[in-house]
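First comes the structure, then the notes that go with it.
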Amino acid sequence: GAITNGGCLYNINLLTGAVLVDGLPPSMLPDEVLRHDMYRRSFLAGLNFEVVHEGGWMKSVQSIDDIYFYDFCLVNGNLIVKERNKKTGQLLELLDATKFRKWSNDLPPHLHDLYSAWIDRERSMIFLRGVLYNKRSIHFIIELGSDNGHKCSSVPLHDRNKGVEELLSFRDSFDELMLHTHPDAYA
């Protein structure tokens, strides 16, 4: 077997080809995740991921589009979903639509209804994409600010399929909305 940086022990059964992580075979996401409102909103009905358990996380075994892996964690009934891009190393976290509404009261309501919000905590940015997890075209970029508010840029239709780095390099040319944090946003 081999031990990863995270301390997990990987073994391969040479007869069956089964991979064991810390002595356990991969499993599917539990019903508690599949029935969670956030999962049902952003993932296709009937879609389940084969996962391994690692440090409290359920990590997808197979990549989507040969690039994206998904990590799931349930904490006190709250679902945390992360998307890992194996090519760029970018890590995005899906924001819960109900909690997203609380801090972003100044956003037009259609932004809540038509898009999912994925935060890049390293960059302090939120990317609004299609509701479904595999609709990765970026429609809006929100730069999280300080007390001065947030900057929301609208990505032109012809640029929406470009990568994050390319979009960020010319985002100053995008139309923008100025967002100011509502006083009750964090109450």
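What you see below is based on every heavy atom in this structure, not just the backbone, and it leaves out hydrogens, waters and symmetry mates.
- Clustering ILVMFWY residues whenever any of their side-chain heavy atoms sit less than 4.5 angstrom apart, transitively, puts Leu144 in the very cluster that holds Leu128.
- Once rounded to the nearest 0.5 Å, the distance linking OG of Ser60 with CZ of Phe69 reads 6.0 Å.
- Cluster membership for Leu44 and Val51, using ILVMFWY side-chain heavy atoms within less than 4.5 angstrom, is shared.
- Closest approach of Trp118 and Leu92 over heavy atoms only: CE3-CB, 3.9 Å.
- In this structure, CD in Glu83 is found 7.5 Å from CD in Gln90, a value given to the nearest 0.5 Å.
- Taking a 6.0 Å sphere around CD of Gln62, one finds it holds 12 or fewer heavy atoms contributed by other residues, nucleotides or ligands.
- With sequence neighbours excluded, no residue forms a salt bridge (Lys or Arg N to Asp or Glu O under 4.0 Å) with Arg160.
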Step by step, work out the side-chain contact (heavy atoms from CB on, under 4.5 Å) result for Val131 and Arg41. CA-CA 7 Å; Val131 171; Arg41 180 176 190 260; 3.7 Å; yes

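- Both Tyr70 and Val164 are assigned to one and the same hydrophobic cluster, defined by single-linkage of ILVMFWY side chains at heavy-atom distances under 4.5 Å.
- Considering all non-hydrogen atoms of both residues, Cys73 and Gly56 come closest at SG-O, 3.4 Å.
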Apply side-chain contact (heavy atoms from CB on, under 4.5 Å) to the pair Met58 and Ser27, showing each step before the final yes or no. CA-CA 9 Å; Met58 295 165 274; Ser27 60; over 6 Å; no

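- Here the side chains of Leu94 and Tyr133 are not in contact, with every heavy-atom distance at 4.5 Å or above.
- Between the His110 side chain and the Tyr115 main chain, no donor and acceptor come within less than 3.5 Å of each other.
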Just do the side-chain contact (heavy atoms from CB on, under 4.5 Å) check on Asp71 and Arg84 with the steps written out, would you? CA-CA 8 Å; Asp71 302 340; Arg84 294 179 283 128; 2.9 Å; yes

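- In this structure, the side chain of Asn48 engages the main chain of Leu29 through a donor-acceptor pair within 3.5 Å.
- Salt bridge absent: Asp159 and Arg171 never bring a charged side-chain N and a carboxylate O closer than 4.0 Å.
- Between the CZ atom of Phe174 and the CG atom of Leu167 there is a distance of 5.0 Å, given to the nearest 0.5 Å.
- Both Val81 and Ile67 sit in one connected hydrophobic cluster of ILVMFWY residues. Membership requires side-chain heavy atoms under 4.5 Å apart, directly or through other members.
- A pairwise comparison of heavy atoms in Glu50 and Met28 identifies CA-SD, 3.8 Å as the closest pair.
- Annotation for His139 and Gly130: closest pair CD2-N, 4.3 Å, computed over non-hydrogen atoms.
- With rounding to the nearest 0.5 angstrom, the CG atom of Leu74 is 12.0 Å from the OH atom of Tyr39.
- Transitive grouping of hydrophobic side chains (ILVMFWY, heavy atoms separated by less than 4.5 Å) brings Phe170 and Ile141 into a common cluster.
- The distance from the CG atom of Leu95 to the NE2 atom of His112 is 11.5 Å, given to the nearest 0.5 Å.
- Atom CZ in Arg40 sits 12.0 Å away from atom CG in Leu79 (nearest 0.5 Å).
- Under a 3.5 Å cut-off, the side chain of Ser63 and the backbone N or O of Tyr68 do not form any donor-acceptor pair.
- We find that Lys87 and Asp66 are not joined by a salt bridge, their nearest charged nitrogen and carboxylate oxygen being 4.0 Å or further apart.
- Looking at heavy atoms from C-beta onward, Arg136 lies in side-chain contact with Arg129 at the 4.5 angstrom threshold.
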Please step through side-chain contact (heavy atoms from CB on, under 4.5 Å) for the pair Trp57 and Ile80, ending with a clear verdict. CA-CA 9 Å; Trp57 287 88; Ile80 302 168; 3.5 Å; yes

